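Here the structure is a predicted model, which means the values were calculated and not measured.
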Amino acid sequence: MFLFQLPEDVLYLILSYLDYKSLCRLSQVCRRSHHFTVRDAVWRRIAKDFINTGMTRQGADLYPTMMLKDRVKVSQNWSRGVCRKDILLKWKINLLPWIQLDGDVLYLSQAADIGAYHLRGAEGGRFQHNRLTVFSGHQEDVCRFTLTDTHLVSAGGDGKILIHDRKSDYSVEYYGHNQEVNCIDCKGELIISGSRDRTAKIWALTPNQLGKCLHTIPTYDRVWSVAISPALCTFVTGTACCENFAPLRIWDTERCHLVSCLGSEFRRGAGVLDIVYESPFQLLTCGYDTFIRYWDLRVCSRKCVMEWEEPHDSALYCIKTDKNHMIASGSSYYGVVRLWDKRQTRCLQMFQLTSTTSSPVYSLCFNATHLYAALASALYSLDFRTSGPRHRR
């Protein structure tokens, strides 16, 4: 075929302009066409238009070990709601679990401990029940924890903040607040914690100042969520909105001055339960007022640029984003997980994980092929690699 006599860089450029169906058809013509049409360079432009392919808006690849062609195929299952539901773990008493995913390891908090579980298979599919390691030290339940390349930092109902070295048994603990520490975030050499005692605190993660409180910021309201900007110069607090203060406030990390307030029309009790940064200027928030809000600080801080409302008027406990088009949210009743496409105003897909007992989705995370959700008494997974029957909406 004359087409394949062209220089490879020219050939890849031509193939990159084909759509999904045309590429699939061309790959079936012969072995040589298949060889060129499965390359990631050909699928990169297409993958950016699909949800959860791992291609971010900035062009980074979150899942480089999986071929882009395969990710685009799985992405269509995410869009159509085609998946298999599994219960990975159950426990007898109701908890407030939190989960984080790091490569092929899933971290899950259960009461006062945090366990690490290995995921095997394509992009971490199969669940191995034996824990790789356990991080302990809290006297009461773990409220939140966060991961860095070297540390696991946890916040508990006992007012403690624990810094664990992920590669050894070394840990440091200190009493961070007078009441339970509801939320925590860590980036670079900074830790930000928020508490029911109506304060947010900045801590150092450097070896010579480990555990040292650098600043205490009075928020005059209970702090439910915090998030540090990727630029590290600011952070956001989400509060209960029970006082005469905006529930979303941006603070300077060095001077601890209030930079700005996000939004101006929150009703009383519209507490912010989760905050996720997509870039230094763009972030997503959710909470008790049933809305997911998308903020762009370059445009305006007084009004969000987009918003999506939970159709059943349920509070939203947690959100995650693929840093491109997709948002996943966890609702307060019957383990409802929703997928949203930012280019659409309505919910893309809905999955009800439990019908017998009502439980919030306290935390969720996902990779290219699976979504994991932690409810009060179980850990669920949705496997989107399946080609089976469509999940009921």
Side-chain angles (χ1 to χ4, degrees), residues 143-144 146 153 155 159 161 175-206 209 211-289 291-307 316 318-319 321:
C143 296
R144 295 279 180 98
T146 186
V153 184
I161 296 173
Y175 284 94
H177 293 266
N178 296 326
Q179 298 183 45
E180 58 261 40
V181 189
N182 294 319
C183 51
I184 198 154
D185 195 17
C186 180
K187 284 187 178 70
E189 297 179 345
L190 290 177
I191 300 172
I192 308 292
S193 62
S195 171
R196 192 181 180 89
D197 66 6
R198 304 185 177 200
T199 64
K201 294 189 177 184
I202 304 177
W203 310 83
L205 193 57
T206 53
Q209 291 184 308
K212 180 181 178 181
C213 181
L214 303 178
H215 300 285
T216 299
I217 300 172
T219 59
Y220 306 106
D221 203 354
R222 290 167 291 175
V223 184
W224 293 137
S225 54
V226 294
I228 304 173
S229 164
L232 304 179
C233 56
T234 58
F235 69 94
V236 182
T237 56
T239 56
C241 200
C242 292
E243 305 294 340
N244 295 322
F245 296 95
L248 277 169
R249 284 173 279 179
I250 302 178
W251 308 84
D252 186 286
T253 53
E254 277 193 30
R255 301 175 182 176
C256 298
H257 291 166
L258 180 64
V259 177
S260 65
C261 298
L262 297 182
S264 57
E265 298 179 355
F266 289 95
R267 65 177 185 266
R268 188 175 179 84
V272 179
L273 296 177
D274 204 4
I275 305 168
V276 176
Y277 266 99
E278 281 199 327
S279 76
F281 309 104
Q282 297 161 315
L283 63 150
L284 291 153
T285 63
C286 71
Y288 284 119
D289 67 348
F291 280 92
I292 299 172
R293 290 187 170 88
Y294 190 51
W295 307 87
D296 192 328
L297 306 181
R298 298 168 298 183
V299 178
C300 179
S301 64
R302 304 303 295 173
K303 187 174 178 60
C304 63
V305 293
M306 294 183 72
E307 63 181 19
L316 295 169
C318 54
I319 48 174
T321 170

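Heavy-atom minimum distance, S193 versus V181: CB-CG1, 3.9 Å. Annotation for R144 and D274: closest pair NH1-OD1, 4.4 Å, computed over non-hydrogen atoms. Nearest heavy-atom pair across I202 and C256 is CD1-SG, 3.6 Å. In this structure, Q209 and A204 approach most closely via the heavy-atom pair O-CB, 3.5 Å. Closest of all the heavy-atom pairs between I161 and G176 is CD1-CA, 4.2 Å.
Rounded to the nearest 0.5 Å, atoms CD (Q282) and CE (M306) are 11.5 Å apart. Between the CG atom in L273 and the CD1 atom in I275 there is a gap of 9.5 Å [rounded to 0.5 Å]. One distance of note links OG1 of T237 with CD1 of I250; it measures 9.0 Å at 0.5 Å rounding. From L248, atom CG reaches atom OG of S225 across 7.0 Å, with rounding to the nearest 0.5 Å. Between the CD1 atom of I192 and the CH2 atom of W203 there is a distance of 10.5 Å, given to the nearest 0.5 Å. Atoms CD1 and NZ, from I191 and K201 in turn, are 13.0 Å apart once rounded to the nearest 0.5 Å.
Looking only at side-chain heavy atoms (C-beta outward), L258 and R249 come within less than 4.5 Å of each other. Using a 4.5 Å cut-off on side-chain heavy atoms (C-beta onward), R268 and C241 make no contact. Contact annotation: the side chain of R293 approaches that of F266 to within less than 4.5 Å [non-hydrogen atoms, C-beta and beyond]. Residues H177 and T199 have side chains in contact (heavy-atom distance under 4.5 Å, counting atoms from C-beta outward).
The salt bridge (Lys or Arg N to Asp or Glu O under 4.0 Å) contacts involving residues 180-197 comprise E180-R196, D185-K187, where partners must be two or more places apart or lie in separate chains.
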- Task: For side chain to side chain contact (heavy atoms under 4.5 Å, CB included), just list the numbers for I319 and I292, CA-CA rounded to whole Å, side-chain angles, deciding distance to a tenth of an Å, and then say yes or no.
- Result: CA-CA 8 Å; I319 48 174; I292 299 172; 4.2 Å; yes
- Given V236 and Y277, is the side chain to side chain contact (heavy atoms under 4.5 Å, CB included) satisfied, shown in steps? CA-CA 10 Å; V236 182; Y277 266 99; 3.1 Å; yes
- Query: Between S195 and V223, does a side chain to side chain contact (heavy atoms under 4.5 Å, CB included) hold up when you go through it step by step?
  - Reply: CA-CA 5 Å; S195 171; V223 184; 5.9 Å; no
- Stepwise side chain to side chain contact (heavy atoms under 4.5 Å, CB included) check, V272 with C286: CA-CA 6 Å; V272 179; C286 71; over 6 Å; no
Give the table of side-chain donor-acceptor pairs shorter than 3.5 Å for residues 212-220, with sequence neighbours excluded, one pair per line with atom names and distance.
unit_1, atom_1, unit_2, atom_2, d
H215, NE2, E254, O, 3.4
T219, OG1, R198, O, 3.0
T219, OG1, D221, O, 2.8

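Contacts of S260 classified as side-chain hydrogen bond (donor to acceptor under 3.5 Å, both in side chains), with partners at least two apart in sequence or in another chain: none. Applying the side-chain hydrogen bond (donor to acceptor under 3.5 Å, both in side chains) rule to R298 yields the partners D296; only residues at least two apart in sequence or on another chain are considered. Applying the ring-ring contact (aromatic ring centres under 6.0 Å, His included) criterion to W224, with sequence neighbours excluded, gives no partner residue. Taking T321 as the reference, E278 meet the side-chain hydrogen bond (donor to acceptor under 3.5 Å, both in side chains) condition, with sequence neighbours excluded.
Counted by atom type alone, W295 and S301 present zero donor-acceptor pairs between their side chains at under 3.5 Å.
Residue N178 qualifies as open at atom CG: its count of foreign heavy atoms under 6.0 Å is 12 or below.
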